[in-house]
Amino acid sequence: MIPWIQLHSAKTPDGQQELRLKQRGSEFSIMLGTNELMNSRLSGSEEALAKLSCQRIAGHRRPRILIGGLGMGFTLRAALAELGDNAEIVVAELVPAVVAWARGPMAEIFAGSLDDPRVTIHETDVGQLVRSAPIAWDAILLDVDNGPEGIVHKGNDALYSVAGLAAARTALRPGGVLAVWSQGPDAGFTRRLKQAGFAVEEVNTRANGKRGARHVIWIATNSSRS
């Protein structure tokens, strides 16, 4: 078996933990301690996050999409495939090294998606972009940490609080969608979405098509605003 080789490492935003980029042949992995955050062979649920969101806003003119978390680019590439030439996609990534890895060792996986004219990358907290302007986005896609129960950066918890969800709803255009990826179910998060005024759909999906770990995607629609 081909051994894993560590290519790079980077501190998490709080400086307390370390992300590690590893490679085995053509396969990449991003690790936090003993936890694998993502693997280049397992993209199904992240792609579903984009596809489900784009389907819900298919009738929107000149859609603006905000993606929280670049990761290995699965969600970004799926969104680009779903959206037309008039779309705009902004990706917020808090860890600059992740962007560097995307342009460096993992460039082949990203397949030029970062250079698509529809794409802008911001090395910042997605929460700042959510709070920066009201009625600005047709869809906000959050693939940040491991979902509402994060393990990488405690500051991410604010995204999933009632206040954070209310801010996301304010940032969405009428009929806009907040889509959230999670490694597993969270009944408390579903309740918070409803408290924030969203119409909520919970979708179960798999890490790799019909196989792999079971993940959850919440599709929360800003349907009550006119």
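To the nearest 0.5 angstrom, T120 atom OG1 is 9.5 Å from I89 atom CD1. Rounding to the nearest 0.5 angstrom, the gap separating the CZ atom in R24 from the CE atom in M1 is 5.5 Å. Interatomic distance, F110 CZ to F74 CZ, rounded to the nearest 0.5 Å: 8.0 Å. Between L193 atom CG and L178 atom CG the span is 6.5 Å, to the nearest 0.5 Å. Residue H8 holds its NE2 atom at 9.5 Å from CD of Q23, rounded to the nearest 0.5 Å. One finds the CZ atom of F28 at 13.5 Å from the NZ atom of K22 (value rounded to the nearest 0.5 Å).
A side-chain donor-acceptor contact under 3.5 Å links S45 and W181. Side-chain contact annotation: R169 with N222, donor-acceptor N/O pair under 3.5 Å present.
Counting non-hydrogen atoms of other residues, nucleotides and ligands closer than 6.0 Å to NZ of K11 gives a total above 12. Annotation: D85, atom CG; neighbour count of heavy atoms from other residues, nucleotides and ligands within 6.0 Å does not exceed 12.
Using a distance-only test at 3.5 Å, with no hydrogens or angles considered, a donor-acceptor pair links the side chain of R118 to the main chain of L83. In this structure, the side chain of R56 engages the main chain of L52 through a donor-acceptor pair within 3.5 Å. Not a single donor-acceptor pair under 3.5 Å links the side chain of N35 to the backbone N or O of L37. The main-chain N or O of I65 is never found under 3.5 Å from a side-chain atom of D138 such that the two would form a donor-acceptor pair. Checking side-chain atoms of R64 against main-chain N and O of A136 turns up a donor-acceptor pair under 3.5 Å. In this structure a side-chain-to-backbone donor-acceptor pair under 3.5 Å is missing from E202 to N204. Although no hydrogens or angles enter the test, the distance criterion places a donor-acceptor pair under 3.5 Å between the side chain of T12 and the main chain of Q17. Using a distance-only test at 3.5 Å, with no hydrogens or angles considered, no donor-acceptor pair links the side chain of S182 to the main chain of V216. Under a 3.5 Å cut-off, the side chain of E123 and the backbone N or O of E93 do not form any donor-acceptor pair.
Counting all heavy atoms, side chain and backbone alike, A50 lies closest to T75 at CB-O, 3.4 Å. When every heavy atom of G68 is checked against every heavy atom of V144, the shortest pair comes out as O-CG2, 3.2 Å. L129 approaches W137 most closely through the heavy-atom pair O-NE1, 4.0 Å. Among all heavy-atom pairs drawn from D186 and P148, the shortest one is OD2-CB, 3.7 Å. The minimum heavy-atom distance between V95 and A10, with the atom names listed, is CG1-CB, 4.4 Å. Counting all heavy atoms, side chain and backbone alike, G71 lies closest to V98 at O-CG1, 3.7 Å.
Between L49 and D143, some side-chain heavy-atom pair lies under the 4.5 Å cut-off. With contacts defined as side-chain heavy-atom distances shorter than 4.5 Å, the pair K194/T190 qualifies. Between L94 and T124 there is no side-chain heavy-atom pair separated by less than 4.5 Å. L76 has its side chain within reach of V119: a pair of non-hydrogen atoms, C-beta onward, lies under 4.5 Å apart. Side-chain contact check for I121 versus V99: some heavy-atom pair is nearer than 4.5 Å. M72 places none of its side-chain heavy atoms less than 4.5 Å from the side chain of S43. By the 4.5 Å heavy-atom criterion applied to side chains, S53 and I219 are counted as neighbours. Side-chain contact check for H122 versus V90: some heavy-atom pair is nearer than 4.5 Å.
Residues V200 and V162 do not share a hydrophobic cluster, clusters being chains of Ile/Leu/Val/Met/Phe/Trp/Tyr side chains in contact below 4.5 Å. Hydrophobic cluster membership differs between M31 and W4, with clusters built from Ile, Leu, Val, Met, Phe, Trp and Tyr side chains linked at under 4.5 angstrom. With hydrophobic clusters built from ILVMFWY side chains whose heavy atoms lie under 4.5 angstrom apart, I5 shares a cluster with M38.
For R77 and D116, the salt-bridge test fails: no basic side-chain N is under 4.0 Å from an acidic carboxylate O. A salt bridge does not link R20 with E36: every distance from a Lys NZ or Arg NE/NH1/NH2 to an Asp or Glu carboxylate oxygen is 4.0 Å or more.
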Full working for side-chain contact (heavy atoms from CB on, under 4.5 Å) between R214 and T205: CA-CA 6 Å; R214 297 179 184 274; T205 185; over 6 Å; no

CA sep, side-chain torsions, deciding dist, call: V130, T170, side-chain contact (heavy atoms from CB on, under 4.5 Å): CA-CA 9 Å; V130 168; T170 298; over 6 Å; no

Working for side-chain contact (heavy atoms from CB on, under 4.5 Å), residues I140 and V177: CA-CA 6 Å; I140 299 172; V177 167; over 6 Å; no

side-chain contact (heavy atoms from CB on, under 4.5 Å) assessment of L159 paired with V126: CA-CA 9 Å; L159 288 170; V126 67; 3.7 Å; yes

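Between W218 and the choices Y160, F189, F198, the ring-ring contact (aromatic ring centres under 6.0 Å, His included) rule is met once, by F189.
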